[in-house]
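A short worksheet on the structure shown next.
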Amino acid sequence: MNRKFIPLSVPNLKGKELEYVAHAIETEWVSTGGPYVTDFEVKIAEYVKCKGAVSCQNGTSGIHIALIVCGVTMIDEVIVPTLTFIAAVNPVKYIGAEPVFMDCDDSLTMDVNKLRDFCETECIFVDGRLINKISDKHIKALIVVHVFGNMADMESIIAIANKYNLIVIEDATEAIGTFYLEGKYKGKHAGTIGDIGIYSFNGNKIMTTGGGGMIVSDNEELLVRAKHLTTQAKSDELFYTHDEIGYNYRMTNLQAALGLAQLEQIEDFIKVKKDNYDFYKNKFQGMPGLRILDFKDSIRPNHWFYALYVDKGYALNRDQIIKYLASKKIQSRPIWGLISDQKPYEGNQTYKIEKARTYLEKIINIPCSTNLDREEAEYIIDCLKQPEVV
Ligand SMILES: *Cc1c(COP(=O)(O)O)cnc(C)c1O
């Protein structure tokens, strides 16, 4: 059988994408000025139930702007996770600030116990400022990432942040649609619990605008400033006066046209993601050495990415599986190399990184597109049932 390549995660554009994009082209509103952009901002804010949203070119630029509007500057430090995509942390360096790397827990999100220990034992809290004993610098903010669409422990994180006056920036680039089902933040979406949150609409995310992002917040002041900075900081439209250094980060009408069509389908996408996740999970139950990591029970996850944990009980190790699946035309990949191990971060402080390293060695991501059909999922399972060294 001449089998089609099964990709890891690709866009699903079977809704009104073409119709809306065609409309943008027919009306010749293709740049940042069109009506779809504000419409998309309003609809995202409605969907995640927050005060407002500001569009941007991608998740990375959104994190960059979030750091600026939260007042983080080159004299500050920011606590960040080491196990995530590097774009969560690079913006800290864009503004000349320095990251301090934290470990993950078994949910792959930030280990809150280590975070608390770090603040308590490695820092001093004076005049409302958390000072890092090693660098003598002010730790002003933390960036928390909701890895793979799971939710970090926001109750603990907000409690720690309140105690030490830390601004909380939520990198919810992978987690649009994830929300709490219970607890203090019942009903609250990932990205709307801290001071400011960011979504990404990159091609591999659960919904896509080709490339794009969104900043969300309940703080009107932050939103106004974010809009200002993403649109060249123009304080007078006619005379082109600018009161600070701005950026050309606004989303275009073409991107927003795609985004609106995608947003109409997000609940369907989440349903498909969950069905496929449940299917895999059941099948792996009978296979020694392989299991799919859980999402937390306290949330409705968006089930964006599936993490397959490879134990010693399985015939192949992580890299052998990736090679084997590739030989069967199935794409899979290891999770990210730790950010604190990457060259640009060689000199930066880390705090007891342990679990992140273990998970890095044990996990692969397997196909999770909303286009994945049941026959393909069956085929992937069948292949993993008969492992071969290739
Ligand atoms: C995708 C992603 C980003 C960056 O989003 P882009 O839209 O690709 O710039 C940032 N952080 C994490 C954790 C991501 O997965």
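One-based numbering, in listed order, for ligands and for the atoms of each. Along the sequence shown, residues are numbered consecutively beginning with 1.
- Between Trp29 and Tyr20, the ring center distance fails the sub-6.0 Å criterion.
- No more than 12 heavy atoms of other residues, nucleotides or ligands shown are found within 6.0 angstrom of CD on Glu237.
- When hydrophobic clusters are built by joining Ile, Leu, Val, Met, Phe, Trp and Tyr residues whose side-chain heavy atoms come closer than 4.5 Å, directly or via intermediates, Ile176 is grouped together with Leu108.
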Subject >> Trace of the salt bridge (charged side-chain N to carboxylate O under 4.0 Å, His left out) decision for Asp294 with Lys281 >> reply: CA-CA 9 Å; Asp294 290 324; Lys281 196 171 164 73; 2.3 Å; yes
Under a 3.5 Å threshold, I'd like every N/O contact between ligand 1 and protein atoms, with atom names and distance.
unit_1	atom_1	unit_2	atom_2	d
ligand 1	5 (O)	Ser200	OG	3.3
ligand 1	7 (O)	Gly59	N	2.7
ligand 1	7 (O)	Ser200	OG	2.6
ligand 1	9 (O)	Gly59	N	3.3
ligand 1	9 (O)	Thr60	N	2.9
ligand 1	9 (O)	Thr60	OG1	2.5
ligand 1	11 (N)	Asp171	OD2	2.7
ligand 1	11 (N)	Thr173	OG1	3.2
ligand 1	15 (O)	Glu174	OE2	2.5
ligand 1	15 (O)	Lys205	NZ	3.2

**OP:** Would you please test Ile196 and Asn219 for side-chain contact (heavy atoms from CB on, under 4.5 Å) and show each step?
**Re:** CA-CA 8 Å; Ile196 196 163; Asn219 182 330; over 6 Å; no
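- Note: Tyr47 and Tyr199 fail the aromatic proximity criterion, with ring centroids not under 6.0 Å apart.
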